[in-house]
Amino acid sequence: MEDKLISAVDKYYKKKIEQSPQKFQIGLELEFPIVRFGGNIIDLEVIKKLSFFITEDLGFSKITLYSDKIPVKMENPLNGDIMSFEYCFSTLEFSLSPVLNLEEIVRRFWVYYEKIMSFLTKREHQLISQGTNPYKWAKDVPILQTDYHKVVDIFHKRCRCKGIYNIDHWASIISSAHTHVHLKVENFIEALNILNKSEWIKGLLFSNSSFWDGEIDPFLNMCSRDYFWQNNCFVSNQSDHPVVDLYFSDLREYYKFLLDKMQIFYVIRNNKYISLNSMNIRDYFKSDQVQGKIIDKDNSLKNITVKPQESDLEFFRFYFYNVLTRHGTLEMRSDCLQPLNDIFSTTAFNIGIVKNCSKIKKLLEFITIKNSVLRIKATKYQLFEKDWQFLNMPIKEFLYTFYDLVKQGLVERGYGEEKYIECLCDRIDKLENPGKKLVNLLKTGMNLNDIINMNNQRGHL
């Protein structure tokens, strides 16, 4: 059974990788919270009008409709870029399709962003460049009434996010920047291992989700998205941290890890979504049939029996930060959304790591502490000299050495992408990321709305 499953997973994912472009292509997802001026709750009518603005004025095609025929997922037919509302109307996601260099993504993004912000600001709304929607009303915005979001909602309510915050749709509260890279099969594992081992450094430099309900919460540290990822109903084991500690020797070893951790909570039959109790991939394919619930037209649930089939691999989900996706890409999804002027810093940093991962691997070889432990250490509010004694060098010296290797990788690509990580020099000098900066400013008495407006300023990049 084990070998059969590994073969099925290998066939499924390798096919996806081989179908993707063989050159080093980059894709990007950026999720923005939407708020009304002053941090007030959004006017749903304004947001619904925005969806029609995206289709009618920006020329996007409708892919998915809300229950009252409002478009919630839209695609640019010219380049494949997608705009979508993420779980609810208070988060807008820009999904920018793969290209060879970051500059092309930057150009397309600013065209969309400026037009959408112009539309919103005329109606006293705005996108904000924060890694978390900080306002109390955020958790009360209703989820989207598409079939997919309905099965997610059913699952969340059946198995609520455990911990101090029992939030049904936590995924619509955290906002992130996801980098996708198309790699050849032979380059995938080395890049994956180095990205996992670099997560603590990224936590130090990019954490930007340090508060909830507008208050400083030391329990959630500077990166509350780590908390929500670890304490949710999707993970296979509550002891799992979204940063992987294992070092994989090859793809087969990675596939075994997938079998341990992959979960399924829905399938599609005859174009209908069927909600399941979350199951591990092994348990699912061992079953002759699985009980589920299908959503009827009146939103009532009816029992249905599902027979597992290999094509259901399309619906399995894997909740770790650096993963092989069902699109055949290596996805990096640990990064909080950054202040607007630094919005592409995470993507450029990830590209530089992947490009120069052999040299970065040598720099990190001496570190034996678990990746997840270092990530937790790196996202504390208060960091002391003793936290970095294992480096046997000053933390700033180490970070600059790492930064130089990332920059070297970007320079070698020859697209000028290194300019997008220049903001990190100031962060390294101060040992301060946007999350820690926000906390420090709140402690001085600065108003949260003023900090948000400051983070929304665009400079020359």
Side-chain angles (χ1 to χ4, degrees), residues 1-2 4-13 16 86-87 143 147-163 166-172 174 176 178 192 196 225-246 248 253-269 273-295 301 304-331 333-334 372:
M1 180 65 178
E2 181 85 356
K4 185 178 179 181
L5 267 179
I6 289 176
S7 295
V9 170
D10 179 55
K11 174 184 169 185
Y12 175 79
Y13 279 106
K16 294 285 187 177
E86 186 72 4
Y87 290 100
I143 71 154
D147 288 343
Y148 170 72
H149 291 100
K150 286 176 184 176
V151 299
V152 172
D153 190 45
I154 292 166
F155 181 55
H156 277 163
K157 288 177 178 176
R158 183 190 297 137
C159 179
R160 216 173 231 201
C161 177
K162 296 177 176 61
N166 294 320
I167 298 166
D168 286 338
H169 54 83
W170 56 273
S172 64
I174 56 175
S176 55
H178 291 191
L192 174 71
N196 284 331
R225 65 190 318 277
D226 282 9
Y227 169 85
F228 286 118
W229 270 65
Q230 187 174 8
N231 295 280
N232 71 76
C233 47
F234 293 108
V235 297
S236 59
N237 187 322
Q238 288 298 319
S239 65
D240 285 338
H241 191 278
V243 177
V244 176
D245 291 318
L246 296 177
F248 302 106
E253 192 171 292
Y254 181 63
Y255 292 149
K256 288 182 179 179
F257 180 68
L258 290 180
L259 295 181
D260 287 337
K261 305 301 181 182
M262 289 180 79
Q263 302 288 300
I264 191 168
F265 68 93
Y266 78 96
V267 292
I268 297 176
R269 296 289 187 269
Y273 282 79
I274 299 170
S275 173
L276 309 174
N277 287 320
S278 183
M279 296 180 68
N280 175 262
I281 187 171
R282 287 191 179 93
D283 296 331
Y284 181 75
F285 283 118
K286 282 178 184 176
S287 306
D288 293 326
Q289 57 185 28
V290 175
Q291 296 300 313
K293 293 185 181 294
I294 193 167
I295 303 170
L301 298 175
I304 189 171
T305 299
V306 173
K307 183 176 178 59
Q309 54 193 40
E310 190 174 301
S311 59
D312 291 336
L313 283 168
E314 186 77 15
F315 308 120
F316 279 90
R317 294 294 179 263
F318 191 51
Y319 284 84
F320 291 86
Y321 278 160
N322 300 295
V323 297
L324 173 59
T325 74
R326 59 195 180 97
H327 305 293
T329 62
L330 172 55
E331 182 180 12
R333 46 190 181 177
S334 65
S372 58

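Partners of K11 by salt bridge (charged side-chain N to carboxylate O under 4.0 Å, His left out), not counting sequence neighbours, listed by chain and number: E310. In this structure Y273 satisfies the side chain to side chain donor-acceptor pair (under 3.5 Å) test with no other residue, sequence neighbours excluded. Take F318 and apply the ring pair (Phe, Tyr, Trp, His ring centres under 6.0 Å) test, not counting sequence neighbours, and it matches F257, F320. Here D245 pairs with S372 under the side chain to side chain donor-acceptor pair (under 3.5 Å) rule; sequence neighbours left out. Residues satisfying the side chain to side chain donor-acceptor pair (under 3.5 Å) criterion with Q309, sequence neighbours excluded, are S311. Evaluation of the side chain to side chain donor-acceptor pair (under 3.5 Å) rule for Y266 yields R317 as partners, not counting sequence neighbours.
The closest donor-acceptor contact from the side chain of R225 to the backbone of S334 lies under 3.5 Å.
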What do the steps show when you test V267 against Y284 for side-chain contact (heavy atoms from CB on, under 4.5 Å), and what is the final call? CA-CA 11 Å; V267 292; Y284 181 75; 3.5 Å; yes

Let me see the working for Y321 and D226 under side chain to side chain donor-acceptor pair (under 3.5 Å), right down to the final yes or no. CA-CA 10 Å; Y321 278 160; D226 282 9; 2.5 Å; yes

Step by step, would you call D260 with R282 a side-chain contact (heavy atoms from CB on, under 4.5 Å)? CA-CA 8 Å; D260 287 337; R282 287 191 179 93; 2.7 Å; yes

Check the pair L313 / F285 against side-chain contact (heavy atoms from CB on, under 4.5 Å), numbers first and verdict last. CA-CA 10 Å; L313 283 168; F285 283 118; 4.2 Å; yes

Residue pair R326, F316: steps toward the side-chain contact (heavy atoms from CB on, under 4.5 Å) verdict: CA-CA 9 Å; R326 59 195 180 97; F316 279 90; over 6 Å; no

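With a 4.5 Å cut-off on side-chain heavy atoms, N322 and E331 do not count as touching. Using a 4.5 Å cut-off on side-chain heavy atoms (C-beta onward), V290 and I264 make no contact.
One distance of note links CD1 of I304 with CD1 of I294; it measures 4.5 Å at 0.5 Å rounding. Atoms CD1 and OH, from I6 and Y255 in turn, are 10.0 Å apart once rounded to the nearest 0.5 Å. Note that CH2 of W229 is 12.5 Å distant from CG of D240, once rounded to the nearest 0.5 Å. Between the CG atom of D312 and the CZ atom of R269 there is a distance of 4.0 Å, given to the nearest 0.5 Å. In this structure, L246 CG and N196 CG are separated by 9.0 Å, a value rounded to the nearest 0.5 Å. Between atom NZ of residue K293 and atom CG of residue N277 there is a gap of 8.5 Å, rounded to the nearest 0.5 Å.
H327 and T325 share no donor-acceptor pair across their side chains, judged by distance under 3.5 Å alone.
Across all their heavy atoms, F248 and L192 have their closest contact at CD1-CD2, 3.7 Å. The minimum heavy-atom distance between N280 and L259, with the atom names listed, is ND2-O, 2.9 Å. Shown here for V306 and P308, the closest heavy-atom pair between the two residues is O-CD, 3.5 Å.
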